[in-house]
2 protein chains.
Amino acid sequence: MVGARSILPIMKQATIYSIAQALEVSASTVSRAFSRPDLVKPEVRERVLATARELGYAPNRAARGLATGRTGLYGLLVPDVTNPFFPPLIRAIQQAAARVDAGVLLVDSEGSGAAETALVSRIKAQVDGLLVASPRLATAKLKEALGAVPSVIINRAAQGLATVVCDNTAALREAATHLHDLGHRRFALMRGPSASWAAGRRAHAIRSWAQEAGVSLAELGHYEAVFVDGRRAAAQIVESGATAVFAFDDLMAAGVIAGLSDLGETVPRDRSIIGCDDVLLARTMTPGLTTVTAPLEELGRQSVLALHGLLEQRPVPNVQLQGTLTVRGTTGPPP
Amino acid sequence: MVGARSILPIMKQATIYSIAQALEVSASTVSRAFSRPDLVKPEVRERVLATARELGYAPNRAARGLATGRTGLYGLLVPDVTNPFFPPLIRAIQQAAARVDAGVLLVDSEGSGAAETALVSRIKAQVDGLLVASPRLATAKLKEALGAVPSVIINRAAQGLATVVCDNTAALREAATHLHDLGHRRFALMRGPSASWAAGRRAHAIRSWAQEAGVSLAELGHYEAVFVDGRRAAAQIVESGATAVFAFDDLMAAGVIAGLSDLGETVPRDRSIIGCDDVLLARTMTPGLTTVTAPLEELGRQSVLALHGLLEQRPVPNVQLQGTLTVRGTTGPPP
DNA sequence: TTGAAAGCGCTAACAA
DNA sequence: TTGTTAGCGCTTTCAA
């Protein structure tokens, strides 16, 4: 029979000491049973773990953090949670982080570079490392804000920082060829935000393809990566005379399609549209959007792996993943 | 001149002690300058704050947490980050939390009640309180898992727990009347997940309206709240003969519309569809989806306020917000 | 393989 | 208004 530890019904949260006392071992042993299990005799370890469970013990993260200097938290900074590109990424990151026993502290910068600076300095003290997705901030400023915090930049190349990016060049060229084969000769490109690294890359890919293929390319924008901007741009598309249009991303593509519909046009009958990223929206539209699918799961997994590596002082290579073309219903032969 | 503290270029992170030493005051004074500014002479406080800035001091959250028992973190548990209902909510919560100086630890249960139990126990030790959005778990089990952690349940009524919900009854009745006025007499209801509290409420609202109005109502489902389930259900809609259909949510509504399109129908020409929540998708579809708009911003704000209140031992009332009807392009007169 | 003891950086009585 | 003094719960030498 275990002696009554307390008459009160309110039992304080168990600590390594309560376990140590109950088992008549030292607190160090209990601590080791959790953090360095290999250092404690299997038999003892079992008993510790058992009573820990009984007492509902959970290690106090703050105490551990104070002792080790680690918080067990990864900060995740995104420019806009409501942009459908990010939720699948967030989910993948959250899962991967859980696998290395880290929590995810989520912060939204609302698309503002200035806010990024402020947020980074606000949270860098409470996390072990930072995952920065699609930063708006110039690389130099970003580096300055990050200081010495181990960080991984997602979706942007940045000299001197660990990065995980998705390269859509090949898929975009494939898409262009697909349209060309269908008979299109007049192309338009709706450029994304000028501060977006991905926007520049995508524009470059399409521009150089057009040049090689010797077809005309009207460059429109820059636009914000939102639905309404795409919608408003429809008139310019019509004016450009292009029959095949590359939107910066799916949101914008959906906007253009809506805008064209406002003008009495139907896609793909009157014009073909291609998006980028393959967000939920692209699959739920009718017809489905032809787009370049980003490996978001893998992007998230790799970012966490990279950050984890950084924290273990391992050298981490920059990783580059490939987007793939997904043909759905918004591309067809020109009218 | 300040004496050299270190020859090494690597300066350790400043603590209250480094500041105290530099200013020749006690560490308590420095501590107070931050946590209880009113208790320290303005003049001294200024000097503390100034050198803190100079030294790049940021309080160590873990240490503070250990001393106070507070982590400064709110846990946010959602069933599916990629469901477009949640991102705007997450953003609102994150912002509101920042305003009370709390961070948001995000966790995704992937729609599994079992996972909810596990996740709650995994994170309840590292947060000050929990925000649980649209739990799948039965209320009793949920309460058991939550134990004594201060918690606010979002989007579900739960006896004995603080809750913040959105009531769509009035808006749904208004929508039904709108359709009835348009001439519809045969209605269908696509029920959502059986474990979803909101699904039950919505079904009830429409069912009782139909009864009162004396119109026929075909009840279909339960379906999962995803696009593909809606799409697959299109055939049943056609079979039911209903000309006006209430989908459980926007995702499902979008699915139905795609499914009907597969069957050669057009909305709203052949049938009228109404969604619920007004997620991004509803605005970007062509035509736009008639739906019930949820005040997500406010929902998020109120949840954080409630949790904050709970943590300050204030009594917090349950809050109930109202959805509002937003008529767009998917409703019209019956054929 | 285990225990004793110091310390991580901060807060909060209590005293002055 | 400020300083002194204990911890908060855990990890981690160092010794045994």
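Order of the sequence lines fixes the chain letters, A, B, ..., with proteins taken first and strands second; residue numbering starts at 1 for each chain.
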Quantified as the angle between the terminal helix axes (five pairs each), what is the overall bend of the helix from C:dT1-D:dA16 to C:dA16-D:dT1 to 10 degrees?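 Rounded value for the end-axis angle: 30°.
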
Mark up nucleotides 8-16 of chain D, 5' to 3', with B wherever a protein heavy atom is under 4.0 angstrom from a base atom, S wherever such an atom reaches only the sugar-phosphate, and - elsewhere. BBBBBB---

Restricting to non-hydrogen atoms, name the atom on B:Ala225 and the atom on B:Pro193 that form the minimum distance, rounded to 0.1 Å.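 B:Ala225 and B:Pro193 have their closest heavy atoms at N-CG, 4.0 Å.
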
Nearest non-hydrogen partners of B:Gly69 and B:Asp128, listed with the distance: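 Where B:Gly69 meets B:Asp128 most closely, the heavy atoms are O-OD1, 4.2 Å.
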
Atom-to-atom span, [atom1] of [X] to [atom2] of [N] - whole angstrom:
| X | N | atom1 | atom2 | value |
| --- | --- | --- | --- | --- |
| B:Leu23 | D:dG3 | CG | P | 10 Å |
| A:Gln126 | C:dG9 | CD | P | 17 Å |
| A:Lys41 | C:dG3 | NZ | C1' | 14 Å |

Do NZ/NE/NH1/NH2 and the carboxylate oxygens of A:Asp80 and B:Arg91 come within less than 4.0 Å?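 Counted as a salt bridge, because a side-chain N and a carboxylate O are separated by less than 4.0 Å.
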
Assert yes or no for the condition that the ring centre distance of A:Phe34 to A:Tyr57 is strictly below 6.0 Å.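 Judged by ring-centre distance (under 6.0 Å), A:Phe34 and A:Tyr57 do meet the cut-off.
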
Would you check if the side chain of B:Asp108 reaches a backbone N or O of B:Val81 as a donor-acceptor pair within less than 3.5 Å?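 Here the side-chain-to-backbone pair exists.
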
Distance check, rounded to the nearest 0.5 Å: B:Ile154 atom CD1 versus B:Leu89 atom CG?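 Reported to 0.5 Å precision, the distance equals 5.0 Å.
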
Set of side chain to side chain donor-acceptor pair (under 3.5 Å) partners for B:Gln302, sequence neighbours left out: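 If we apply the side chain to side chain donor-acceptor pair (under 3.5 Å) test to B:Gln302, skipping adjacent residues, the hits are B:Glu298.
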
Without hydrogens or angle criteria, can the side chains of A:Ser28 and A:Ser31 be said to hold a donor-acceptor pair below 3.5 Å?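 A:Ser31 and A:Ser28 do not have a side-chain donor-acceptor pair below 3.5 Å.
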
